[in-house]
S.K.: 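Provided herewith is a single structure, encoded as structure tokens, for subsequent inquiry.
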Amino acid sequence: MLGDDAELTAAVLAARDGDETAFRTVYRAVHPRLLGYVRTLVGDPDAEDVASEAWLQIARDLERFSGDADRFRGWAARIARNRALDHIRMRGRRPATVGDETELTGKPAESDTAGEAIEALATDTTLSLIARLPQDQAEAVVLRVVVGLDAKSAAETLGKRPGAVRTAAHRGLKRLAELLDDDAESTDVLDALPPQREPRGGAVTSASVTHTRARTQKDM
């Protein structure tokens with residue numbers, strides 16, 4: 001994602017006004033993690049198709065969108081989730097877990113910076129572990145930590161209360177720490193996660209469960 005939310009907000013607004021270059025910027029910034037979220041719902045090989053359907057709707061409805069980068073991420077996540085659930089109903093099967101995480105971000109665009117590529121690789125490794133979580137925990141962790149939504153926005157996406165999302169994310173991160181104990185090669189995965197987003201004015205907590213103090217549900 002873009003490091004500066006102001007840049008993403010500006011790109012979203014320009015894209016809403018028909019700037020195709022700005023839309024490509026928004027796509028590159030948001031798509032990798034949005035695709036990771038879709039994969040927690042439908043698995044492979046359907047995630048790419050479902051994500052493409054979501055982006056078609058995003059492009060079609062963008063002119064009616066109003067808000068900043070945070071609101072856009074939440075709006076895009078809700079669209080992606082609805083498309084994923086439609087796909088699941090059509091296929092008549094339950095949600096699958098993430099498959100081969102090595103293809104999460106696809107081939108980076110030539111304009112991608114080295115920092116974005118490194119960040120994407122760290123997220124790939126993380127999603128391979130998130131795939132082992134129960135569905136509610138996986139969705140909560142991906143929306144809060146990977147997609148970057150605060151508890152309120154994640155709750156709106158899932159149709160749950162913020163407290164329930166915080167609890168699921170807390171349990172998911174705790175379980176990820178346990179998985180890390182069984183996977184010596186993934187020692188620093190949780191440290192590589194971007195910080196969870198909180199509403200403006202709230203404290204931003206670390207995504208790592210190796211913090212010097214114990215995490216509580218209030219921290220989530």
Side-chain angles (χ1 to χ4, degrees), residues 1-2 5 7-99 103-106 109 120 123 127 130 135-136 138-162 164-165 168-169 194 196-197 199:
M1 285 190 178
L2 296 179
D5 271 5
E7 295 179 24
L8 180 54
T9 296
V12 168
L13 294 177
R16 189 186 63 185
D17 292 336
D19 187 326
E20 294 184 2
T21 299
F23 186 83
R24 287 194 292 270
T25 297
V26 172
Y27 177 86
R28 287 196 300 268
V30 176
H31 176 68
R33 294 177 182 182
L34 196 67
L35 177 59
Y37 176 46
V38 171
R39 279 184 164 157
T40 67
L41 295 170
V42 303
D44 286 322
D46 299 328
E48 290 280 2
D49 289 341
V50 173
S52 294
E53 292 174 5
W55 277 105
L56 286 174
Q57 181 176 345
I58 290 169
R60 184 189 69 208
D61 296 345
L62 185 57
E63 64 180 13
R64 296 196 295 272
F65 170 77
S66 177
D68 59 9
D70 281 340
R71 289 183 62 84
F72 179 81
R73 279 188 284 259
W75 180 69
R78 287 192 292 276
I79 290 174
R81 189 172 196 267
N82 288 338
R83 297 290 70 75
L85 295 179
D86 287 344
H87 178 82
I88 290 166
R89 284 190 288 268
M90 182 180 68
R91 295 294 185 184
R93 59 182 177 81
R94 299 178 62 182
T97 56
V98 177
E103 297 180 355
L104 174 67
T105 58
T123 304
L127 286 171
I130 293 175
Q135 193 69 32
D136 64 328
E139 282 199 76
V141 170
V142 171
L143 285 174
R144 295 218 63 202
V145 180
V146 179
V147 177
L149 304 185
D150 60 30
K152 181 179 178 180
S153 296
E156 290 174 352
T157 299
L158 298 173
K160 297 181 178 180
R161 294 184 177 181
V165 174
Q196 295 185 64
R197 303 187 65 85

S.K.: What's the separation between atom CG in Asp17 and atom CZ in Phe23, rounded to the nearest 0.5 Å?
M.R.: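 So the gap between those two atoms works out to 13.5 Å.
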
S.K.: CD of Glu20 to OH of Tyr27: how many Å apart, nearest 0.5 Å?
M.R.: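 Between atom CD of Glu20 and atom OH of Tyr27 there are 15.0 Å.
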
S.K.: What pair of heavy atoms forms the shortest contact from Glu48 to Arg39, and how long is it?
M.R.: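 Result for this residue pair: OE2-NH2, 4.1 Å.
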
S.K.: Trp55 vs Phe72 aromatic rings, parallel, tilted or perpendicular, using cut-offs 30° and 60°?
M.R.: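 Because their plane-to-plane angle lies in the 30° to 60° range, the rings of Trp55 and Phe72 count as tilted.
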
S.K.: Going by atom types alone, do Asp49 and Ser52 pair a side-chain donor with an acceptor below 3.5 Å?
M.R.: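 Short answer, no.
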
S.K.: Would you list the pairs meeting salt bridge (Lys or Arg N to Asp or Glu O under 4.0 Å) in which at least one residue belongs to residues 51-62, sequence neighbours left out?
M.R.: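 Sorted pair list: Asp61-Arg64.
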
S.K.: First locate atom CG of Leu41, then atom CG of Asn82, and finally report the distance between them rounded to the nearest 0.5 Å.
M.R.: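 Nearest 0.5 Å value for the CG-CG distance: 10.5 Å.
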
S.K.: Can you tell whether the side chains of Asp86 and Arg89 come within less than 4.0 Å, N to carboxylate O?
M.R.: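 So Asp86 pairs with Arg89 through a salt bridge.
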
S.K.: Under the rule for side-chain contact (heavy atoms from CB on, under 4.5 Å), what residues qualify as partners of Thr157, not counting sequence neighbours?
M.R.: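 Tyr37, Ala77, Arg78, Arg81, Leu143, Leu149.
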
S.K.: Which heavy atom of Ala14 sits nearest a heavy atom of Ala22, and at what distance?
M.R.: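 Where Ala14 meets Ala22 most closely, the heavy atoms are CB-CB, 3.6 Å.
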
S.K.: Kindly give the heavy-atom pair with the smallest separation between Ala168 and Ala140, and that separation in Å.
M.R.: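 Closest heavy-atom pair between Ala168 and Ala140: CB-CB, 3.7 Å.
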
S.K.: When rounded to the nearest 0.5 angstrom, what distance separates CG in Asp19 from OG1 in Thr25?
M.R.: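 Answer for the CG-OG1 pair, Asp19 versus Thr25, is 8.0 Å.
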
S.K.: Considering all heavy atoms of both residues, which atom of Ala51 and which atom of His31 are nearest to each other, and what is their separation?
M.R.: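 Where Ala51 meets His31 most closely, the heavy atoms are CB-CE1, 4.0 Å.
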
S.K.: What's the spacing between Asp68 CG and Leu8 CG if we round to 0.5 Å?
M.R.: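 Going from the CG atom of Asp68 to the CG atom of Leu8 covers 9.0 Å.
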
S.K.: Which heavy atom of Ala154 sits nearest a heavy atom of Val165, and at what distance?
M.R.: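 That closest heavy-atom pairing would be CB-CG1, 3.8 Å.
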
S.K.: Between Arg73 and Asp5, is there a salt bridge with N-O shorter than 4.0 Å?
M.R.: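 Here Asp5 pairs with Arg73 in a salt bridge, since their nearest N and O are under 4.0 Å apart.
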
S.K.: If you take all heavy atoms of Val38 and Ala80, which pair is closest and at what distance?
M.R.: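 Val38 and Ala80 have their closest heavy atoms at CG2-CB, 3.9 Å.
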
S.K.: If you measure from NZ on Lys152 to CG on Asp70, what distance do you get to the nearest 0.5 Å?
M.R.: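 It is 12.0 Å, given to the nearest 0.5 Å.
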
S.K.: Could you check if a side-chain atom of Val30 sits within less than 4.5 angstrom of a side-chain atom of Ile58, using non-hydrogen atoms only?
M.R.: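 Side chain of Val30 against side chain of Ile58, heavy atoms only: no contact under 4.5 Å found.
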
S.K.: Applying side-chain contact (heavy atoms from CB on, under 4.5 Å), run through Val12 and Arg71 and close with a yes or a no.
M.R.: CA-CA 10 Å; Val12 168; Arg71 289 183 62 84; over 6 Å; no

